[in-house]
**Student:** 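Before I ask anything, let me first share the structure, which is written out below as structure tokens.
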Amino acid sequence: MKTFLQESGLLENRRQFFSRTSTGIGIAALSSLLSAEQATKNKDGLPELPHFAPKAKRVIYLLQSGAPSQVDLFDHKPSLEKLHMQELPAEIRDGQRLTGMTAGQKAFPIINSPFKFNQHGQSGMWLSDLLPHLGGVADELCLINSMYTEAINHDPAITFFQSGHQQPGRPSLGSWLSYGLGSETENLPSFVVMLTKNNFNQAQPIYDRLWGSGFLPSKYQGVKLRSQGDPVLYLSDPGRLGARSRRKLLNSLEQLNALREQEIGDPEINTRIAQYEMAYRMQTSVPELARITDEPQSTFALYGEAAKQPGTHAYNCLMARRLSERGVRFIQVFHRGWDHHSNCAGNLPNLTRETDQGSAALIADLKQRDMLKDTLVIWGGEFGRTVYAQGNPASFGRDHHPRSFSIWMAGGGVQGGLTYGKTDDYCYNIVENPVHVHDFHATILHCMGIDHERLTHRFQGRDYRLTDVHGKVVEAILS
Amino acid sequence: MCAPGAAFYMSTAGQLFAPPRRSLLAGLGSGYNRGIAILSGFTECCHQTTVFPMKINSIPCRFKWLPVLMWALVSGIAHAEDGLRVDFNRDIRPLLSNACFRCHGPDSNKRQAGLRLDQSQSAFAELESGARAIIPGDPVGSELVARISAADPDFRMPPAEHGEPLSAEQVERIRLWIEQGAEYQTHWSFIAPRRTALPFVKETSWPRNAIDFFVLAQLEAKGLPHADDADRQALIRRLAFDITGLPPTLEEVDAFVRDSSPAAYERLVEKYLASPAYGENMARSWLDLARYADTNGYQYDTERTHWVWRDWVIHAYNQNKPFDQFTIEQLAGDLISDATSDQILATGFNRNHGITIEGGVIDEEYRTEYVMDRLITTGTVWLGLTVGCARCHDHKYDPISQQEFYQLYAYFNLVPERGQSGFQPSLQAVSPLAARKIAALATTIEELHNSLAVAKEDDLKLEEWASALANGSFTWRVQTPVTATSSGGTTITPLEDNSLLASGANPQNDIYEIQFTTPESAITAVRIECLTHPSLPGNGPGRYQNSNFVLTGFLLEASSIADPSQKTNVTFREARADYNQKNYEVRLALSSDKNKGWAVDGPTRKKPATAIFVAEKPFGFQAGTTLKVILRHEVSFGQHGIGRPRISISSAAPARLSFQDIDAAIVDAAKLKPGDRTAEQHQVLRTYYLDNHGPAKQIAAEIARLEKQRSASFPATMIMRDQENIRTTHILNRGQYNQPAAQVFAGTPQVLPPMPDDLPKNRLGLAQWLMSPAHPLTARVAINRYWQQFFGNGLVKTSEDFGNQGARASHPGLLEWLAVELASSQWDVKNMVRLIVTSATYRQTSHAGRENYRKDPENLLLGRGPRMRLAAEQVRDNALAISGLLVNALGGTSVYPYQPKGIWMELNNRPGFSKEYPQGSGKDLYRRSLYTFWKRTVPSPMLKTLDAPEREFCTLKRSQTNTPLQSLLLLNGPQFVEAARHMAVRVLNRYPHDQQKRLAYAFRLATGRHPDATELVILAEAFDEQREEFEQQNGLADSLLAVGDSPPDTIHDKLQLATWTTLCRLLMNLDETITKG
């Protein structure tokens, strides 16, 4: 039986066809066109960036949603021993805005941390005993005990940390970095987000907008790397086409698209061809990335057995290292469950158990791979917690506290073994070196070689930036 | 080639400056580059040098252009009608705005040295220093010139920290302007548009309507060609997508290609404009502006029902509601005298903002944000101004003071609403799309009611049913409470159905004690029904504000009536409920832990719930039992009492117990022979039979179903309402809700025409003022946005900003002409659409060649037809349409098409607030994307990947990106894979035997055009290659054909169908398939 091609006289191998026609383009030409396209696409940062030599090439930001208690973890206050169960003086509270949850409370008894603190490393950094692993890398840490923010509720506060503005609509930190610096890899997105599985009923929700691109083009938004289903949405073929047929399918697609580009001349078609190629590469690179079974046992000794479980904080820390190795610019891990309005003493150890080893391991791991010097690791929540008890002092909780809290950084651009900023004896007000969220952002950008005042985007007639019209680089913590 | 004027400038300027080339480039690269992008190539000379910003470096050396000439060319100053004059609005204002207004502009707080350069009065006046910034006619004496051209960085303006110095060209431009008298002009967009004369064109045969004169005149001025007409296959596809959002059918394509009559195209336009799909497509863009979503945005992002308003928008477009009415009803429909329900519903526009339910928020802080959102949205949509900039201080660039911002704010500040859970005021309105359906329903229901009356008397089969019932022996007996008390002071009122309604105080903890007596002595179980009531929060079952309850303890004490000292505390072996909230299962009500109990997802599920407690062993006393039921509500977060409990008991064997059963009295009656029943018993039995089992039952069920259908069209929709004197408006210091300063009253900005005295001083007046003929912005802003819908860019590229920092129009005369046309055509939107799509400009081919795309990547000169990737919704709708899966139903509740599992809960899994994505089934999977449930914090990944916004705020223009994630979605998204399977079936059905015809047909379905020979070869080979793969790998075809919920095809050969499905996937991924070209 003759095929219709034989009948129609069109029987000709299409590769011959392309190599013979003068108007068609051959596969070789096509592939060179693609690589040229990629070359421009993957460097699609702003031409004037970086503004100066960066200390860090990438950022890993372990965001602790719900707000961890600095009183019990970082901000060591021996003075609280004596103040325990005393009423917080009104002049210390000093008109502080309260949330709707403790606004009606009649007494504000100070609660000393039930957890011991000890000094670690050569720097003698004070850390809670709840963080034994972190103690092991204390000399890499730059601990800021004088962070503050204006937001008092979770949604605006975390939106502020992620985008420099309390209301939705601005680009996230990661999308600013992708927009400014472009990508280092052709196989993966430049901004990747991971969520740890939430085990805590009362955990705060998070939102897509936290890694959104706001008014920047939407290609700069973060891409979620998931621990269930496809790691990247729609990565795998539900029809389970084999690699060979997929490749063939893409070749046919490229040829048809390339013909169209010839006919019309719209360069967007070449971009589309390139995107299909990157999608194809991601189908290999993402499963390879997620294949942690190729890690030696020493890795799991470092990160803990939990790192074998997709969706744990430790697993995501390990993935963050793997993403760093593969050139991803901004990696953000969201961990939840720190919102301890009651039973602080009972809940906190659960949370530190979930997070301590993984985050400390990440630092040690990057260090041993000589990557810590150009990777900036950040750990912290959206505000702090009150020194006074919420509810019954016996089973105390702690309410939201935007006036002072702690965040640590490590690696590219910041000094290790440094404890920066100071709060008063009540662990309530900052008395030395306050660091605002805008300063925090300015400093991160600085480490990445960016002058925060000069990374702008014109929208609605105004040049917007991550730090709005504020922000000062915290020079004192820079390495 | 250059106009004579430009040559003159060259010689003049040449004597003044011989700047290095670098400064020339700097000037172009900085503040003015937007102007250049738009205005470049205004003359033939420019055409040769291609002055796009990124191409600057390629300017050939032989052009030793001088800066002024450069500017003259790029700014189009050589136009004859402009003479040789520097034009303030065109040439100077953008410069000053960008470089100077931040410190010397409208913002009075930040103004330096008392100098204001946006107004002549201040600019010409003597400064504190004694100098004068501008002395008209005397550039040498003007301090401004000295400062901007100073070499000393300490003296030079703008200061280094505020940006680059002005270029030599820019300085010269300002110098010339001052020399020519420094004439100020009102910003162009603040002057009412005037109908402009059509410009002269050489090729008079090309224009089809006024639009084309403006476009062609500019192309001719640059010596650029327009493109040829698009061929008919391409044109109908472009038109269909632009008007209906859907591809044309192949029958429509063929008919149009065949129709050689001169009016064929115009007829097609009318057909599409009349299609209901037009309203859906137009609504899509409007919903972006209106920030429409199905959830509340903040925190847990809970659901809202606002889709009835969305239907209003679709209906309004399909009715071709004039844009002035469209505006007035949405902004102030509630204030129109004798407003109809539809008009009030329209005001839902300004209730589309996010609403928080977060526990700890301060009410006023969020209420303030809602008002801000309304004002900023309204300002963006109708004024095209960034009014929001004046929230904290006077606007830096535009003449809107902070006080004026709050005067506008006052219009929106009278809504009786709260910050926390501010879902009121609301209105139950009928979806205008359902109006006809509702009327038809009402008729059917009425007819059914008539037949019901007859059926209700039909008791022929009563005894047959009664004996079946008698042999069943199972029942619940509802108990009549003797006493009912609350430990916390709740008022408990018995209702006729023996339920107990809680009202009044809602204490933190509450224990209800309910006593009743019964003759039964072998009770096996107790049932508690938690019923809903309109007086309870949200008409739900619980007393907490979110409708939930938590039953933390259920206790029962039985005592003998004869001898009250005989008592037992009944123990239970089992608790069951017809609904359990996760982690709040009913068994927890039997535990002694006060913080654990039974809850029923009140926030999301406002329905009754029933629990059964099964005793360890039957209990009760001979000669009667007193029962005391104790319901404890002691959860730490408080106020979670049951709203309306009703208690029943049963003596049936535990295995027989079900949640709902027939009342015991009826069963007792059924057990008796007909003659032994009392009249009362007979009546009870008969009534129950007729209501539930007789022929009336089915009719009643049908009525109930239809009633439900009818009421489903009426969920409450949030609306606007003004309450007299509800609150005063103050300027808010730094925009902070808690820093009110001076009181202000509703009023409009001074720079715009005053509001006529006869208009009411409220939102209605504001809306009417916007639509008044003198208003300079409304028509321009609106038509610019409609233009953007068709061409990708507005004539003013910054469609969101018509202020000082906004772009100038690429075709100023055309914008004026269209704005006047819109207003003078009684705001007829379809007329404007018709004008645009019937223009020769629109009908050009987009096949313009690489050189054309390189020179004008954004097609700002309109020298070719528009070519853009389809909008997110259109991409998906197209796949559904060409596969034949699309379900075309208009309006209604939002639907839940395919979505990867878990993406809602991974972000937010708070019990009681969160739920899994309730993926739909059947038709709901294939509705138009406009109806996809829009969750703000987790938008549909199908739409989001294709650049749909979150809808957290007003979006005027979506990004147009091209990413690998889009490729993955189109390749692997189950929606698309399933659509490819159906497309394959369609192809095989159409041509059962002819492979080549199939290939051509499939290609046509995807692209709307016939493939050429090369394309056919590629497709045929692709088919053979894929076929080989399926032949080689067992089971591969099965997994592919199983994708999607729709039933598998059983007719076609599996290998054949799988190969065709793969080929259709290929076609669905073509650039052309997802592009309007």
Side-chain angles (χ1 to χ4, degrees), chain A residues 4-5 8 10 12 14 17 24 99-101 153-155 167-169 195 198 201 205-209 212 217-219 223 228-230 233-240 242 244-245 248-249 252-253 255-257 259-260 263-269 271-272 275-276 278-279 282 460-462, chain B residues 298-300 358-361 386 397 583 800-801 803 805-806 846-850 853 867 900-902 906-909 911 937-938 941 947 950 952-953 959 961-964 967-969 972-974 977 995-996 1014-1015 1017-1018 1020-1022 1025-1026 1029 1033 1039-1040 1043 1066 1069-1072:
Chain A
F4 92 93
L5 280 176
S8 61
L10 285 171
E12 186 171 34
R14 72 163 180 265
F17 179 88
T99 73
M101 285 165 287
N153 289 104
H154 296 287
D155 183 331
Q167 294 297 322
L195 319 173
N198 176 33
N201 263 343
I206 45 185
Y207 336 95
D208 267 20
R209 80 168 101 97
S218 47
K219 68 175 169 181
V223 173
Q228 56 170 320
D230 273 339
L233 289 180
Y234 308 115
L235 185 73
S236 68
D237 176 10
R240 308 218 192 100
R244 196 175 49 198
S245 26
K248 285 178 175 171
L249 186 77
S252 308
L253 181 64
Q255 286 174 340
L256 288 166
N257 280 342
L259 277 176
R260 209 59 193 151
E263 156 76 19
I264 296 170
D266 185 350
E268 196 64 10
I269 303 175
T271 310
R272 182 146 292 121
Q275 299 312 309
Y276 273 90
M278 177 158 170
M282 279 172 67
Q460 298 198 337
R462 199 187 132 188
Chain B
Y298 291 100
Q299 183 77 351
Y300 298 112
E358 186 165 352
V361 300
T386 55
Y397 305 105
N583 298 321
E800 74 289 346
D801 187 9
Q805 289 288 94
S846 62
H847 297 204
R850 287 180 187 152
Y853 277 91
R867 185 175 198 281
K901 282 205 168 55
E906 73 191 4
L907 290 188
N908 179 358
N909 58 347
T937 59
V938 202
D947 300 322
E950 282 101 350
E952 300 251 31
F953 49 89
S959 311
T961 67
N962 198 340
T963 69
S967 313
L968 289 171
L969 167 66
N972 298 331
V977 178
Q995 177 74 353
Q996 192 174 14
T1014 316
E1015 286 161 337
V1017 173
I1018 296 172
E1021 241 189 60
E1025 282 174 355
Q1026 296 297 336
E1029 295 290 333
Q1033 296 175 63
S1039 56
L1040 175 61
V1043 176
L1066 164 62
N1069 278 275
L1070 288 180
D1071 177 78
E1072 193 175 353

**Student:** Looking at A/Gly239 and B/Val1043, what are the two nearest heavy atoms and their distance?
**Tutor:** N-CG2, 3.9 Å
**Student:** May I ask you to say whether B/Arg867 pairs ionically with A/Glu268, meaning some side-chain N is under 4.0 Å from a carboxylate O?
**Tutor:** no
**Student:** If I take atom CD1 from residue A/Ile264 and atom CZ from residue B/Arg850, how far apart are they, to the nearest 0.5 angstrom?
**Tutor:** 11.5 Å
**Student:** To the nearest 0.5 angstrom, please state how far the CD atom of A/Glu263 sits from the CD atom of B/Glu1072.
**Tutor:** 9.0 Å
**Student:** Could you check whether A/Arg260 pairs with B/Asp1071 (Lys NZ or Arg NE/NH1/NH2 to Asp/Glu carboxylate O, under 4.0 Å)?
**Tutor:** no
**Student:** Which heavy-atom pair separates A/Pro267 from B/Tyr853 by the least distance, and what is that distance?
**Tutor:** CD-CB, 3.7 Å
**Student:** Quick one: of A/Asp230, A/Leu233, A/Val223, A/Asp208, who has the most non-hydrogen atom pairs under 4.5 Å with chain B?
**Tutor:** A/Asp208
**Student:** Report which part of B/Tyr298 has an atom under 4.5 Å of a heavy atom belonging to chain A: side chain, backbone, both, or neither.
**Tutor:** both
**Student:** Do you know which of B/Thr961, B/Leu907, B/Asn908 has the most heavy-atom pairs under 4.5 Å to chain A?
**Tutor:** B/Leu907
**Student:** Looking only at heavy atoms, what is the nearest atom pair of B/Ala1022 and A/Ser252, with distance?
**Tutor:** CB-OG, 3.4 Å
**Student:** Check each atom of A/Gln228 against the heavy atoms of chain B and say whether the ones under 4.5 Å are side chain, backbone, both or neither.
**Tutor:** side chain
**Student:** Only pairs of heavy atoms separated by less than 4.5 Å count here; which of B/Ala848, B/Ser846, B/Gly849, B/Gly803 has the most with chain A?
**Tutor:** B/Gly849
**Student:** For B/Glu1015, is it the side chain, the backbone, both, or neither that has a heavy atom closer than 4.5 Å to a heavy atom of chain A?
**Tutor:** both
**Student:** Indicate whether the side chain of A/His154 and that of B/Gln299 have a donor and an acceptor atom separated by less than 3.5 Å.
**Tutor:** no
**Student:** Let me know if A/Leu195 has heavy atoms under 4.5 Å from chain B in its side chain, its backbone, both or neither.
**Tutor:** side chain
**Student:** Highest number of heavy-atom pairs under 4.5 Å with chain A: which of B/Asn972, B/Asn909, B/Asn583?
**Tutor:** B/Asn972
**Student:** Would you name the heavy atoms of B/Leu969 and A/Tyr234 that are closest together and state the gap between them?
**Tutor:** CD1-CE1, 3.4 Å
**Student:** Indicate the atoms forming the closest heavy-atom contact of B/Ser967 with A/Ala279, along with that distance.
**Tutor:** CB-CB, 3.7 Å
**Student:** Quick check for you: among B/Glu952, B/Glu950, B/Glu906, B/Glu800, which has the greatest number of heavy-atom pairs under 4.5 Å with chain A?
**Tutor:** B/Glu906
**Student:** With only heavy atoms counted, which part of B/Asn1069 is less than 4.5 Å from chain A, the side chain, the backbone, both or neither?
**Tutor:** both
**Student:** Quick check for you: among B/Val938, B/Leu1040, B/Asn962, B/Leu1066, which has the greatest number of heavy-atom pairs under 4.5 Å with chain A?
**Tutor:** B/Asn962
**Student:** Considering only heavy atoms, which portion of B/Glu1029 lies under 4.5 Å from any heavy atom of chain A: side chain, backbone, both, or neither?
**Tutor:** side chain
**Student:** Counting only non-hydrogen atoms closer than 4.5 Å, does B/Val361 touch chain A with its backbone (N, CA, C, O), its side chain (CB onward), both, or neither?
**Tutor:** both
**Student:** Testing the basics here: between A/Ser245 and B/Gln1026, what is the closest heavy-atom pair and its distance to 0.1 Å?
**Tutor:** O-NE2, 3.0 Å
